[in-house]
Amino acid sequence: MVHGAWFWLLGRIDLDSFAFVRAWREPSLDRLIAAGAAAMVVLGAIAAFAIITRMRKWRYLWENWFTSLDHKKIGILYIALSGVMLTRAVIEAVLMRMQQAVAVNQPGIVKPEHFGELFSTHGSIMIFFMAMPFLIGLINYVMPLQIGARDVAFPLLNSVSLWMTVGGAVLMMASLVIGKFSTGGWSGYPPYTEMAFNSGVGPDYWIWAVTLSSLGTMMTGINFAVTIYKSRAPGMHLFRMPLFCWTSLCVSILMIFAMPPLTVATALLALDRYLDFHFFTNDLGGNMMNYANLFWLFGHPEVYILILPAFGVYSEVISTFSSKRLYGYRSLVYATMAIAVLSFTVWLHHFFTMGQNADINAFFGVATMTIGIPTGVKVYDWILTMYRGRVRFTVPMLFSIAFIVTFVIGGMSGIMLAVPPLDYVVHNTLFLVAHFHNMLIPGLLYGMIAGYQFWFPKAFGFRLDERWGRIAFGCWVSGFYLAFMPLYVLGAMGMPRRMAGVFQSEYLPWLLVAAVGGFLVLAGLVALFVQLWVSIRRREEASVPVGDPWDARSLEWGIAAPPPEYNFAHIPDIETRDPFYAAKEHGTAYDPPRHYDDIEMPKNSKVGPLLGIAGAACAFGLVWYIWWLAAAAFVAIWGVVIARSFVRDIYKTIPAAEVAREHQRWLSQVAAARGIPRELETTPANQGLAEGAAA
């Protein structure tokens, strides 16, 4: 047999492994949809390759972006990756809503197995390859600037973390083209993902994609925590840090302690599948509940890994656009720390239905309710920050206000689910799906979009188009309510989650409304891309080179937009919690330093991209049993690591004269700019200089 002859070279790959071949041999609607998705991946990759080649930008991208150790560029790459993966995940979500809307007493547009792949990939992508890269990218860009650092503590580790995440994302995209993805959900529960029940490549794709991502995330947590502990500017003690840095610190600690249980769980599941171990099987000493405990020991802190950075964003946005000092700063810090600690005490509420005794359920129910208290403190502090402030309804502020309203609704449904008997009734219904999305879309995604809109001018030197931002806001918010509020009703009516089809006609009106909401959410995503395109085309009139378009308060706004590689010509001395705002009040915000010094920065390195490529290749080999590829890639990984250990020339020096020349050029732009009042901040008159600072 041809496959047998080539097994040593291709492993389990045969012609039927390809989505296009399966669609050719069985041209059903289900197979055509799968082939269309594969075609989008392949054609998108070919188009990107062709455009970059035609523009002769490969060397530029390699030297200035892919091998860069600049935390700002790495942050932007994380967010770009998140945008690509968000697009796929939203399209899959719309497809699921369409399927359920048309599959009432009908077959629908995809088969049940394909539907299982859709909700598995959607959840996995949204958590590991959209949310995590987005928040890590935002922290990467903003946090070092806010604490007055030149870079993160370990720049090379930062690059490695990025490219390991990219490697996992590549596996996710490859699963669309060759093979099939897991149908075991984003949590990968055994025994359904064990070899006896699912011998295909799907669970292996999930295991290795998630493992690459989780390893990169754990290293990121170490990196960020050390940066905050060790790289703050002189005088910036912990209680002078912006709230965004506090949430970043707590998230970093959660990453350090929450990601290892996930890595252990995926590693043990891999041993079950590859070497016939029995950690999570039904026989020979296995115990499925060990997996559930390990996964949710990661999974519930993960919820707060996702939400806490957004809380930091909202704190910055609401304070800035209310023109007020953040109300209750210390209570917000203590609430953030309380949430971080309590997040490790509630994991068992994810399996209230699995048979533990009433005392255990009661303890974890109370713990789950308790975590709502510090979250409520935050909501009141944000409302009181806006109270009697000069609130400006910019796009970031609109998303922040929508978050407060919507998140409170989701929080109340969470308190309901903290009651074990009620959770037992609705746990496996769409009520839980509604709650989960009610927390994560306003709690995470609105926050990331608000942060993207807020800091985009700092990163690229021009503002995003306000009109298209408002259109995106309208679509996201209205689409969310239409897509997920009906699911509360459907859950209360008893509709199970993860169902490819239903047989109760009374569900149909609610499912149709939810489908319309899904299309509106997709329209909101499209509007964000249109906004970016329009803004790039009109970047000259929206230019803000001075760097402070919002009359903001923290350090990152006191430098040029975009910032230089080294961030600060002179590391500032910090004497207050809002140092840049205080400097503007005293008229010293743009005073030149007394002297300039040489600045040492890390040189670019190929290690990150090479490890990402080798990691993805090793994982792909393991998925398909291409043992020579897995072994060669594994050797290459350690070869790169060992080779790097012999490199000594890892820093470059930027001369003081060059720093002075670049800084003086920017100060001349500051002197030439006209200060504008807050009322004109969304107009072409805004060059990034607030009226008070100009005076």
- Task: Go through the steps for Thr67 and Ser605 under the test side-chain hydrogen bond (donor to acceptor under 3.5 Å, both in side chains), then give the verdict.
- Result: CA-CA 5 Å; Thr67 61; Ser605 173; over 6 Å; no
- Message: Before you tell me yes or no, could you show the steps for Glu63 and Lys73 under salt bridge (Lys or Arg N to Asp or Glu O under 4.0 Å), namely the whole-Å CA-CA distance, both residues' side-chain angles and the distance that decides it to 0.1 Å?
- Response: CA-CA 12 Å; Glu63 293 179 352; Lys73 290 182 177 179; over 6 Å; no
- Take Arg22 and Asp16, measure what salt bridge (Lys or Arg N to Asp or Glu O under 4.0 Å) needs, and give me the verdict at the end. CA-CA 6 Å; Arg22 295 195 299 269; Asp16 279 333; over 6 Å; no
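Closest heavy-atom contact between Phe115 and Arg498: CE2-C, 3.9 Å. Residue Ala101 comes nearest to Ala515 through the heavy atom pair CB-CB, 4.0 Å, listed as atom of the first residue, atom of the second, then distance. Closest of all the heavy-atom pairs between Val516 and Leu482 is CG1-CD1, 4.4 Å. Nearest heavy-atom pair, Ile222 versus Ile256, reported as atom, atom and distance to 0.1 Å: N-CG1, 3.6 Å.
With hydrogens and angles left out, the side-chain atoms of Thr121 and Glu92 include a donor and acceptor closer than 3.5 Å. In this model, a donor atom of one side chain and an acceptor atom of the other lie less than 3.5 Å apart for Trp58 and Thr53. Residues Asp30 and His114 have side chains that bring a donor and an acceptor to within less than 3.5 angstrom of each other. Side chains of Thr183 and Ser120: a donor-acceptor N/O pair is absent below 3.5 angstrom, by distance only. Side-chain contact annotation: Thr193 with Trp206, donor-acceptor N/O pair under 3.5 Å absent.
For the pair Thr217 and Ser213, the minimum side-chain heavy-atom distance is below 4.5 Å. Phe181 has its side chain out of reach of Leu118: every pair of non-hydrogen atoms, C-beta onward, lies at least 4.5 Å apart. Considering only heavy atoms from C-beta on, Leu445 comes within 4.5 Å of Met130 through its side chain. Proximity of Arg273 to Pro203: side-chain heavy atoms (C-beta onward) are separated by under 4.5 Å at one or more points.
The distance from atom CG of Leu417 to atom CG of Asp423, rounded to the nearest 0.5 Å, is 5.5 Å.
A centroid separation of less than 6.0 Å is found between the aromatic rings of His300 and His349. A distance below 6.0 Å separates the ring centres of Phe279 and Phe277.
None of Tyr291, Phe197, Phe295 except one satisfies the ring pair (Phe, Tyr, Trp, His ring centres under 6.0 Å) rule with Phe280; the exception is Tyr291. Residue Met495 forms a side chain to side chain contact (heavy atoms under 4.5 Å, CB included) with just one option from Val502, Leu487, Thr429, Val433, and that option is Val502.
In this structure, Tyr625 and Trp627 have parallel ring planes: the angle between them is below the 30° cut-off, well short of the 60° mark.
The residues Lys111 and Glu26 are annotated as salt-bridged, a charged nitrogen and a carboxylate oxygen being separated by less than 4.0 angstrom.
Under the 3.5 Å distance criterion, the side-chain polar atoms of His71 are matched with a main-chain donor or acceptor of Asn140. Between the side chain of Asn64 and the main chain of Tyr60, a donor-acceptor pair closer than 3.5 Å is present.
Within 6.0 Å of CH2 on Trp62 lie more than 12 heavy atoms contributed by other residues, nucleotides or ligands. Counting non-hydrogen atoms of other residues, nucleotides and ligands closer than 6.0 Å to CE of Met288 gives a total above 12. Around atom CZ of Phe634, no more than 12 heavy atoms belonging to other residues, nucleotides or ligands sit under 6.0 Å away. Within 6.0 Å of the CZ atom in Phe257, the count of heavy atoms belonging to other residues, nucleotides or ligands does not exceed 12.
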